[in-house]
Amino acid sequence: MSGVFVVFEGIDGVGKTTVCASVAEMLRARGLEVAITAEPTHEGIGAFIRSGAAGDVSQRTEALLFVADRNDHTERIARDVEAGRVVLCDRYFASTVAYQSAKLDGDSTDRDWLISINSDFTGRADATILLDMDPLDSLNRVGSRGEEVSKFENLGFLEQVRDNYLLLAEMFGFHVIDASKGREDVLKDVMAVIDRLV
Ligand code: TYD
């Protein structure tokens, strides 16, 4: 049996990582084989991005690095799906379009370019789940976890990223879930999407 590829997207602090872990636990309890993965990856180009070793590169170069990481990642995901696993992926191509277009001028030319550089290197997800939340609430969550607020995590910027995500959701048919609800309710909404696939 071929597996399933599910992507989780959303602004920082929205709870993607926790939701992924809970979904994995529920699916494993049903006897399914689950692989959790994330971008930037922790290998090769992903590790290079995370290390900050690229230094002060242009926004376009940064976008190309995320896509280069995605190219290798997509091959690994395809192998897992072929092996019959449910792959839960924390961020994928929409992150590059939503974040990097907010960092560029944010106009439609940037967006079209970012979509086009992804097109040859991106696999088709069976579902993309957008966990949507007001950045004011998500930043509070990041702060309350005692985590350092990264350069991506300021309010005006995240508001733009959220708007970009909502636009992409319409363009690509993502499942938009209100992530400001309680953890159990969010999980229920997410499982309703995944149950149609597994
Ligand atoms: P994040 O999911 O927060 O990783 P972790 O929780 O493991 O630190 O991702 C790190 C940041 O990278 C996040 O602020 C979003 C940003 N990002 C992009 O700007 N473009 C991309 O294509 C990806 C995958 C991530």
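Numbers for residues simply follow the sequence, beginning at 1. Just so you know, ligand 1 is whichever comes first in the structure, and atom 1 is the first atom listed for that ligand. For clarity, every value in this text was computed on a predicted model and none was experimentally measured.
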Minimum heavy-atom distance L139-N154, with the two atoms named: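 The pair with the smallest heavy-atom distance is CD1-C, 4.2 Å.
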Residue pair N164 / A98: nearest heavy atoms and the distance that separates them: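 Minimum heavy-atom contact is ND2-O, 2.8 Å.
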Are F5 and Y92 an aromatic pair by the rule of ring centers under 6.0 Å?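 Ring centres of Y92 and F5 closer than 6.0 Å.
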If you measure every N or O of [X] against every N or O of ligand 1, does any of those distances drop under 3.5 Å?
X    : value
Y92  : no
T96  : yes
Q100 : yes
R50  : yes
D12  : yes

Cut-off 3.5 Å, side chains only: do T61 and S58 have a donor facing an acceptor?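 Yes, a side-chain donor-acceptor pair sits under 3.5 Å.
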Looking only at non-hydrogen atoms, which of A94, C89, A63, P40 approaches atom 10 (C) of ligand 1 most closely?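 Looking at heavy atoms only, the winner is P40.
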Take atom NZ of K188 as the centre, draw a 6.0 Å sphere, and report whether it contains more than 12 heavy atoms from other residues, nucleotides or ligands.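 Result for NZ/K188: open.
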Check if R70 has a non-hydrogen atom at a distance under 4.0 Å from any atom of ligand 1.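 Per 4.0 Å heavy-atom rule, R70 contacts ligand 1.
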Which value, rounded to the nearest 0.5 Å, describes the distance between I36 atom CD1 and R28 atom CZ?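 Those atoms lie 5.5 Å apart.
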Decide, yes or no, whether a salt bridge links R70 with E39 under the criterion of side-chain N to carboxylate O below 4.0 Å.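 Salt bridge present between R70 and E39.
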What part of R91 sits under 4.0 Å from ligand 1 if we count only heavy atoms: the side chain, the backbone, both or neither?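 R91 to ligand 1: side-chain contact only, backbone stays beyond 4.0 Å.
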Which of the ligand 1 atoms, numbered from 1, are nearer than 4.0 Å to a heavy atom of E39: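 Counting atoms of ligand 1 from 1, those under 4.0 Å from E39 are 24 (C).
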